[in-house]
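Since we're looking at a predicted model, the values are computed, not measured. Letters A, B, ... mirror the listed sequences (proteins, then strands); counts begin at 1.
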Amino acid sequence: MADIDEAISKLMRGVQECVTEEELRAKLNASQKDARPLRVKLGIDATGPEIHLGFAVPLRKLKDFQDQGHTAVLIVGDFTAMIGDPSGQSKTRPQLTREEVEANVARYERQLFRILDPERTEIRYNSEWSEALGTRGVLELLGKYTVSQILQREDFSNRLDAGDPVFIHELLYPIFQGYDSVAVKADVELGGYDQRLNLIVGRELQRSFDQPAQVIMMMPLLEGLSGGAKMSKSYNNYVGIEEPPSEMFGKLMSIPDDLIEQYFELAACADEAKLRGIRSRLQSGENPRDLKAEMARMVVARYHLEDAAREAEQTFSRVFSEGGVPEEMPEIKVASGTKLVDVIAANDLASSKTDARRLIKQGAVSLDGEKVEDIEHTLFLDSPVVLKVGKRRFAKLLTRDPKIAL
RNA sequence: GGGUAGGUACCCAAGUGGCCAAAGGGGGCAGACUGUAAAUCUGCUGGCGAAUGCCUUCGGGGGUUCGAAUCCUCCCCUGCCCA
């Protein structure tokens, strides 16, 4: 049974909490004996089309299971997305339309398979069984859980205490998510630590449907780029796994120093030895910037190529440390006589012309390194010019009309 | 069903007839400083305009008034208490 021990230690690596390890062992044993892969569930809330580094944490754990021959069962929460997961939320989430959910799901798969093995992956939509429940089925399901069980959740009770509205459909979210486990007969369910109650509901519902309860494994939450809150689309503090290398690198460099270790562990997947090294280097007073760069390089290399990571780093140091410009940037063709503010606003370098004027007034706009002072600045280009707006937004301006006499 | 307190910009929140595009805080953006970060300081933070200016915005619709976030009226929504 030595290989089971090894399997477990691999699977338990980086897990914040597992309920329970003994059950996991039993399931692994049974799986081996009957040559039946475990069904490992992970839910996706398709409220946005992008997978970010935070969600990649449980996804990678799922891959660990796949590597041992088990089946990944991904639940696209197209039904529950219409409720909106209230986990950790301080307010009611907007409900998505069917069309929005479908559009998001379409973009998901390609991203998933950057991490997962498609051969051992099953993707299911929870509308498949949730909608089939019917009113009668829903009532039966709801009869298995009590209000106070659900209200144990801190986010609900906080909102209640604060006098904020909590809608009934929100209370049902954990139950529907738990029912997914019943529907797909999950052996194991993964999730972030904030999913704890939802995962436990799954266990209990399976029991009441006379199924063996799933083992649940919770992964630590990766903090967002500015620290504090967890990485999440709704806080816009995330790095998408499909972002271009230099974008990724830049975002990763902007994290506060005290997240360095966490990012090494959860985003760059450094092993224990590496982490020890990082800790001692931090203590020894090594410039945290260099450690961050190392972390960023590791992360970029994970989702792109090694070369791309190196290149991203070079671009970064050229742009920031040396005040230079990146090698590649979007090109914008402008006709002579166009106002600079129009160019800025029309190309998303600022949110409006008024905003563009504000930026110019603040000295945030330059052309080929020359600060622009005049908010009325009009462009007459005879050669390409590099436009810089703020710290990180660049564009190359080209003439639209081939020859313009001065 | 009755009572009562509310609905203000990205969020919280002040404002109860003109001085309100709307205090303050948070967040965000920009500048300085740095290590690119944090902290700190400064500025900006509805849109269009070069600008005196104009347009849109205080839950929604009507109305009163020279003038409404503020008053009246109807409607919608939320909290709390009672039933």
Under-3.5 Å N/O pairs linking protein and nucleotides 3-10 of chain B:
none

With B for base contact, S for sugar-phosphate-only contact and - for none (protein heavy atoms under 4.0 Å), nucleotides 75-83 of chain B reads ---SS----
Rounded to whole angstrom, note down the [atom1] distance from [N] over to [M].
{"N": "B:C82", "M": "B:A9", "atom1": "C1'", "answer": "37 Å"}
{"N": "B:A5", "M": "B:G15", "atom1": "P", "answer": "16 Å"}
{"N": "B:C81", "M": "B:G62", "atom1": "P", "answer": "36 Å"}
{"N": "B:C10", "M": "B:U16", "atom1": "P", "answer": "23 Å"}
{"N": "B:A13", "M": "B:G26", "atom1": "C1'", "answer": "10 Å"}
{"N": "B:A14", "M": "B:G24", "atom1": "C1'", "answer": "7 Å"}
{"N": "B:U8", "M": "B:G25", "atom1": "C1'", "answer": "15 Å"}
{"N": "B:G59", "M": "B:U65", "atom1": "P", "answer": "23 Å"}

Between [X] ([atom1]) and [N] ([atom2]), how many Å, whole number?
{"X": "A:Asn287", "N": "B:A38", "atom1": "CG", "atom2": "C1'", "value": "13 Å"}
{"X": "A:Lys391", "N": "B:C33", "atom1": "NZ", "atom2": "C1'", "value": "11 Å"}
{"X": "A:Lys388", "N": "B:A30", "atom1": "NZ", "atom2": "C1'", "value": "12 Å"}
{"X": "A:Leu259", "N": "B:U36", "atom1": "CG", "atom2": "C1'", "value": "15 Å"}
{"X": "A:Leu291", "N": "B:U36", "atom1": "CG", "atom2": "P", "value": "15 Å"}
{"X": "A:Met295", "N": "B:U36", "atom1": "CE", "atom2": "C1'", "value": "12 Å"}
{"X": "A:Asp258", "N": "B:A37", "atom1": "CG", "atom2": "P", "value": "14 Å"}
{"X": "A:Ile255", "N": "B:A39", "atom1": "CD1", "atom2": "C1'", "value": "17 Å"}

Electrostatic pair [X]:[Y] at N-O distance under 4.0 angstrom:
{"X": "A:Asp67", "Y": "A:Lys63", "result": "yes"}
{"X": "A:Glu311", "Y": "A:Arg318", "result": "no"}
{"X": "A:Asp257", "Y": "A:Lys292", "result": "yes"}
{"X": "A:Arg39", "Y": "A:Glu189", "result": "no"}

For A:Phe55 and A:Tyr108, take the angle between the two ring planes, folded into 0 to 90°, and tell me which bin it lands in: parallel under 30, tilted 30 to 60, perpendicular over 60.
perpendicular
Minimum-distance nucleotide (side-chain atoms of A:Lys292 versus B:G35, B:A50, B:G31)
B:G35
Nucleotide nearest A:Ser226 (side chain, heavy atoms from C-beta), chosen from B:A37, B:G35, B:G28:
B:G28
Keeping A:Arg281 on the side-chain end and A:Glu286 on the backbone end, is there a donor-acceptor pair under 3.5 Å?
no
Please check if the side chain of A:His304 supplies one atom and the backbone of A:Glu243 the other of a donor-acceptor pair under 3.5 Å.
yes
With nearest nucleotide decided by heavy atoms, which residue, A:Leu359 or A:Asp290, maps closer to the 5′ end of RNA chain B?
A:Leu359
Judged by nearest nucleotide, the residue sitting upstream toward the 5' end of RNA chain B, A:Lys361 or A:Ile260, is A:Ile260
Consider only side-chain N and O atoms of A:Thr146 and A:Gln149, and report whether a donor and an acceptor are under 3.5 Å apart.
yes
Side chains of A:Lys333 and A:Thr399 only: does a donor on one sit below 3.5 Å from an acceptor on the other?
no
Does the Lys NZ or Arg CZ of A:Lys144 fall within the cation-pi geometry relative to A:Phe209 - under 6.0 Å from the ring centre and within 45° of the axis?
yes
Do A:Arg302 and A:Arg60 come close enough that some side-chain heavy atom pair is under 4.5 Å?
yes
Sort out the partner of [N] for me: Watson-Crick or G-U wobble, both distances under 3.5 Å, none otherwise.
{"N": "B:U78", "answer": "B:A5"}
{"N": "B:U52", "answer": "none"}
{"N": "B:C66", "answer": "B:G18"}
{"N": "B:A39", "answer": "none"}

Could you tell me which residues satisfy salt bridge (Lys or Arg N to Asp or Glu O under 4.0 Å) with A:Lys274, sequence neighbours excluded, listed by chain and number?
A:Glu294
Quick one: do A:Leu74 and A:Arg124 satisfy side-chain contact (heavy atoms from CB on, under 4.5 Å)? Show the steps, please.
CA-CA 6 Å; A:Leu74 288 164; A:Arg124 304 287 290 274; over 6 Å; no
Between A:Arg357 and B:A50, is there a side-chain N or O to OP1/OP2 distance below 4.0 Å?
yes
Does the side chain of A:Lys339 get closer than 4.0 angstrom to OP1 or OP2 of B:A50 through an N or O atom?
yes
Please report the shortest heavy-atom distance between A:Gln214 and A:Gln206, naming the atom on each side.
N-OE1, 2.7 Å
Pull out every protein N or O sitting under 3.5 Å from an N or O of nucleotides 42-47 of chain B, one pair per line with the distance.
unit_1	atom_1	unit_2	atom_2	d
B:G43	N2	A:Gln362	OE1	2.5
B:G43	N3	A:Gln362	OE1	3.1
B:C44	O2'	A:Arg358	NE	3.4
B:G47	OP1	A:Ser352	OG	2.7
B:G47	OP2	A:Arg358	NH2	3.4

Is there a residue in residues 304-312 of chain A whose heavy atoms reach under 4.0 Å of RNA chain B, and which residues are they?
none
Please table the atom pairs, donor to acceptor, closer than 3.5 Å between any side-chain atom in residues 338-346 of chain A and protein atoms at least two apart or in another chain.
unit_1	atom_1	unit_2	atom_2	d
A:Thr338	OG1	A:Ala335	O	2.5
A:Lys339	NZ	A:Glu376	OE1	3.3
A:Asp342	OD1	A:Lys353	NZ	3.1

In Å and rounded to the nearest 0.5 Å, what is the CZ to CG distance from A:Phe264 to A:Leu282?
8.0 Å
